[in-house]
Amino acid sequence: MKIAYIVPSLANKGPVIVVKELVEQMVQHNHECIVLYFDEIKQLNFSCPTQRIKGSIIDFSSFDVVHSHGIRPDIYVYMHRKKLGKTCYISTLHNYMFQDLKYQYNSIVACVFGKIWIRCLNRHDKIVVLSKDAVQYYSKWIKSDKLTFAYNTRNPNIENKLNQEEIRQILDFKEDNVLIGVNAVLTERKGLDILIKALNKLPACKVYIVGDGPARESLEKLACNCGVVDRCRFVGYKQDAYRYLEYYDIFAMPSHSEGFPLALLEAAVYKRTSVVSDIPIIREAFSPNEVSFFNLINPDTIVQAVLRAIDGKQFGINMNKRYLADYSPAVMYNRYISIYLNTLHFL
């Protein structure tokens, strides 16, 4: 099968990471792939050829599948797909569109661009979302026969280790405390303010935050105002942030919204006990026997969730079993190849 994947850039971001994982599986199973992209950002390497789209029009007719990821790739397909032919056009939506556009911009932008995006998507042959919950969410705007879901995967290289200086820094900061780790882009949506505010009620804990983003400055000020700046360390963006999981006692994901929790899958690979917000996508992905939930309506419950995680040594083991059963690379490959074949046969 010949497959073209279209992404905004080759940046080290969630949707592009998912495409990288998908490409690796497709190539291993002898499918011919190419990754097309717009912006000249190259942070990830792919196991197939890549080609920048520089205002040119790509001839899609030579591909069996054209699989787009993101608003610009979806619009590009909308504008340039051929009405006739044997190529099938598939899009994966990695977020809750209107909700995430509102967080990133505002309600007006979410409404206007969300409607444009939906219009473009309705010309695709199949729309893949990341969960059963997302199927329900998008069923208001997309016909049910076009909607399906596929869980994401992460396959971090556990042989890829921190260097000695990085290890020294994290252990010097941790000392004899319980270390709560966060690997995330620092935005309001990630809910890290909840964790920082809780530190005063968790005197035996410290927080180590790997990542950067527009909320970093406000979070650093919050740590200072809460009097926990000495127990909250921001280290900025790090390539392959999953390498830090080995040194966390607890991984935290206090998000208000997630398309699919890729960093949580990485924690599952490392069997790391995790504290998470009780949002639909995480509730679908993992059970209370696998992660320690807290309630966003009552954010103070994160304190009890952390204490449960400290005592709950089985959480990480259970997470890993769930990952192997439902979120491994082999599971994702089988799901997507089934979607591709079923869509091609339908055409």
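Quick caveat: nothing in here was measured; it's all calculated off a predicted structure.
- Ring to ring, Tyr336 and His67 are close: their centroids are under 6.0 angstrom apart.
- Salt bridge annotation for Lys161-Glu166: absent, with no cationic side-chain nitrogen under 4.0 angstrom from a carboxylate oxygen.
- There is no side-chain donor-acceptor pair under 3.5 Å between Thr301 and Asn295.
- Using a 4.0 Å cut-off between a side-chain N of Lys or Arg and a carboxylate O of Asp or Glu, Lys321 and Glu290 do not qualify as a salt bridge.
- Checked against side chain to side chain donor-acceptor pair (under 3.5 Å), Ser292 has the following partners two or more places apart in sequence or in another chain: Arg308.
- Judged by a 6.0 Å distance limit and a 45° cone about the ring axis, Arg52 is not positioned over the six-membered ring of Tyr37.
- The aromatic rings of Tyr244 and Tyr248 sit parallel to each other, their planes meeting at less than 30°, with 60° as the upper class boundary.
- Under the 4.5 Å side-chain criterion, counting only non-hydrogen atoms from C-beta, Ile339 is in contact with Lys126.
- Look at Glu188 and Lys190 and you find no salt bridge, because none of the NZ, NE, NH1 or NH2 atoms lies under 4.0 Å from a carboxylate O.
- Contact check on Lys201 versus Asp300 returns a salt bridge, with a Lys/Arg side-chain nitrogen under 4.0 Å from an Asp/Glu carboxylate oxygen.
- Of the possible polar contacts, one joining the Thr87 side chain to the Phe60 backbone as a donor-acceptor pair under 3.5 Å is found.
- Cation-pi geometry between Arg335 and Phe149 is met: under 6.0 angstrom from the ring centre, within 45 degrees of the axis.
- Take Asp193 and apply the side chain to side chain donor-acceptor pair (under 3.5 Å) test, not counting sequence neighbours, and it matches no residue.
- Cation-pi contact between Lys206 and Phe173: present, with separation from the ring centre below 6.0 Å and deviation from the ring axis of at most 45°.
- Contacts classified as ring pair (Phe, Tyr, Trp, His ring centres under 6.0 Å) and involving residues 271-306 (residues at least two apart or in different chains) are given here: Phe286-Tyr327.
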